[in-house]
2 protein chains.
Amino acid sequence: MKLSDGVEWALHCCTVLAFVPRGSALPAGRLAEFHGVPTAYLAKHLQALSRAGVVESVAGPRGGYRLSRPPEEITLYDIVAAVEGTAPAFRCTEIRQRGPAALPAREYKAACLITQAMHRAEAAWRAELQSQTLAGLIAELTGAIPPRSVEKAARWFQEVLR
Amino acid sequence: MKLSDGVEWALHCCTVLAFVPRGSALPAGRLAEFHGVPTAYLAKHLQALSRAGVVESVAGPRGGYRLSRPPEEITLYDIVAAVEGTAPAFRCTEIRQRGPAALPAREYKAACLITQAMHRAEAAWRAELQSQTLAGLIAELTGAIPPRSVEKAARWFQEVLR
DNA sequence: GTCCCTATACTCGGATAGCAAGTGTCCGAGTATAGGCGG
DNA sequence: CCGCCTATACTCGGACACTTGCTATCCGAGTATAGGGAC
């Protein structure tokens with residue numbers, strides 16, 4: 001089981017985008033530069049965020065990406081699901097309906113108990129991510145990030161959003 | 001994010017192995033036949049269960065696999081972890097230490113907050129799986145499985161364990 | 001009849017190909033901007 | 001001096017190669033069994 005690297009990138013990008021002034025936007029190239037990752041590949045994941053309605057894109061010069069909702073209304077699950085998809089990690093192939101103890105398909109009305117157990121675990125995972133908003137994450141960040149880093153980031157913002 | 005098919009197979013196999021009389025064992029070939037899956041590939045996952053200490057193997061004729069502990073002491077997480085590994089699904093690559101706002105590496109003492117949040121979610125997933133034992137699953141199963149299927153399975157057991 | 005020995009056949013275990021999905025990259029379509037031109 | 005038009009350059013979006021890890025398979029090492037022979 002492995003999550004795409006894009007999930008990490010998307011979470012960091014959304015955190016940065018939360019500091020973009022209302023009305024402005026940040027291009028994919030600037031975001032990639034800020035995080036030191038390949039531009040083209042990051043763009044791919046930003047498109048996924050755009051399709052999911054987490055961020056919105058504006059074309060042309062002075063264009064780029066910005067959050068489409070206030071950070072209070074964006075959960076970490078929204079971001080993860082946008083990149084990773086909403087399909088369950090555990091997929092039941094109904095092997096109980098095969099082999100010497102199998103019955104005709106119509107006999108299996110109730111869902112497989114093993115599948116239910118695995119889905120409960122995934123639900124717990126989703127619930128934990130849904131309980132955390134982007135705003136909450138940023139609130140934690142304030143005070144946890146070294147002041148010098150905040151200063152450098154602010155300077156970079158000044159230059160890029162100019 | 002996708003779990004290996006082997007996880008589903010392993011869970012079903014352990015459920016079946018719980019019904020093997022103490023002292024006996026069930027070969028990989030019989031387990032594969034019971035579930036209608038490729039023998040060689042299932043064997044690979046049974047080896048993983050064996051390495052993890054969930055099942056134990058006995059070689060030679062009348063050999064095979066059996067649970068190495070009573071079902072009360074085997075959690076669903078034990079089985080999933082044996083097949084899938086214990087590495088976290090979310091891997092932090094420390095992109096916060098790159099780009100124009102980065103500081104020298106020694107400045108980053110505290111763990112990345114985004115990573116902490118993702119790890120909390122995975123912990124919730126693990127906790128849910130750890131709270132369920134194989135014995136509990138089997139208790140649920142009793143009464144949920146159609147009587148005709150139980151009968152066919154019992155007949156097959158008679159023939160195989162003979 | 002009982003014990004021992006040997007050959008057998010069955011088991012697991014790790015090493016080996018094939019394939020799908022994630023990783024990484026590129027170029028084309030669309031648009032807001034900025035400059036120039038005319039009134 | 002002001003408004004309009006056009007050319008520009010910058011943005012996103014989807015289509016195209018490559019690599020890693022999951023899927024599937026095979027053959028060899030080891031062992032408990034079963035049968036036969038000797039006592």
Practice task
With DNA chain D as reference, determine whether A/Met1 or B/Pro61 sits nearer its 5' end, using the nearest nucleotide of each.
Solution key: A/Met1

Exercise for the section: Round to a whole Å and report the spacing from CZ of B/Arg91 to C1' of D/dT20. Expected result: 12 Å

Exercise for the section: Would you indicate whether B/Arg91, at its atom CZ, is surrounded by more than 12 heavy atoms from other residues, nucleotides or ligands within a distance under 6.0 Å? Expected result: yes

Exercise for the section: Report the distance from atom OH of A/Tyr65 to atom C1' of D/dC10, rounded to the nearest whole Å. Expected result: 13 Å

Handout entry: Student check: side-chain heavy atoms of B/Tyr65 and B/Leu46 closer than 4.5 Å
Key = yes

Problem - Length of the line joining B/His45:NE2 and D/dG21:P, which is rounded to integer Å - result: 16 Å

Exercise for the section: Mind calculating the distance between CZ (A/Phe90) and P (D/dC22) to the nearest angstrom? Expected result: 16 Å

Handout entry: Atom CZ of B/Arg148 with >12 non-hydrogen neighbours under 6.0 angstrom
Key = no

Exercise for the section: Applying side-chain contact (heavy atoms from CB on, under 4.5 Å), run through A/Trp9 and A/Val37 and close with a yes or a no. Expected result: CA-CA 8 Å; A/Trp9 301 0; A/Val37 299; 3.8 Å; yes

Problem - Value in whole Å for how far the C1' atom of C/dG22 lies from NZ of A/Lys2 - result: 7 Å

Exercise for the section: Under 4.0 Å from any atom of DNA chain D, heavy atoms only: list the residues of residues 36-44 of chain B that qualify, in numerical order. Expected result: B/Pro38, B/Ala40, B/Tyr41, B/Lys44

Handout entry: Side-chain heavy atoms of A/Ser24 within contact of A/Arg66, under 4.5 Å
Key = no

Exercise for the section: Could you check whether A/Gly64 gets within reach of a base, just the sugar-phosphate, or nothing at all, counting any heavy atom under 4.0 Å? Expected result: sugar-phosphate

Practice task
Please say whether more than 12 non-hydrogen atoms of neighbouring residues, nucleotides or ligands are located less than 6.0 Å from CZ in B/Arg98.
Solution key: yes

Exercise for the section: With a 4.0 Å heavy-atom cut-off, tell me which residues in residues 16-33 of chain B come close to DNA chain D, sorted by residue number. Expected result: none

Handout entry: Protein-nucleotide distance (B/Leu161, atom CG; C/dT11, atom P), rounded to Å
Key = 13 Å

Fill in the blank from the handout: 5'-most contact on DNA chain D (nearest-nucleotide basis), B/Gly60 vs B/Leu3, goes to B/Leu3

Exercise for the section: Using only heavy-atom distances, determine whether the side chains of B/Trp125 and A/Glu128 contain a donor-acceptor pair under 3.5 Å. Expected result: no

Exercise for the section: Give the C-alpha distance, both sets of side-chain angles, the deciding distance and a yes or no for side-chain contact (heavy atoms from CB on, under 4.5 Å) between A/Gln116 and A/Leu113. Expected result: CA-CA 5 Å; A/Gln116 288 184 39; A/Leu113 281 174; 4.1 Å; yes

Exercise for the section: Take the protein atom CD of B/Gln47 and the nucleotide atom P of D/dA29, then report the distance between them rounded to whole Å. Expected result: 16 Å

Practice task
Taking the side chain as every heavy atom from C-beta outward, state whether B/Ile114 and A/His12 have any pair of such atoms under 4.5 Å apart.
Solution key: yes

Exercise for the section: Within residues 49-57 of chain A, find the residues that approach DNA chain D with a heavy atom at under 4.0 Å, and present them sorted by residue number. Expected result: A/Ser50, A/Arg51, A/Ser57

Handout entry: Intermediate values then yes/no, side-chain contact (heavy atoms from CB on, under 4.5 Å), B/Trp156 and B/Leu161
Key = CA-CA 9 Å; B/Trp156 180 82; B/Leu161 288 176; over 6 Å; no

Problem - Interatomic distance, B/Arg62 CZ vs C/dT11 P [rounded to whole Å] - result: 11 Å

Exercise for the section: Would you check if B/Leu67 and B/Leu134 make a side-chain contact, meaning some heavy-atom pair closer than 4.5 Å? Expected result: yes

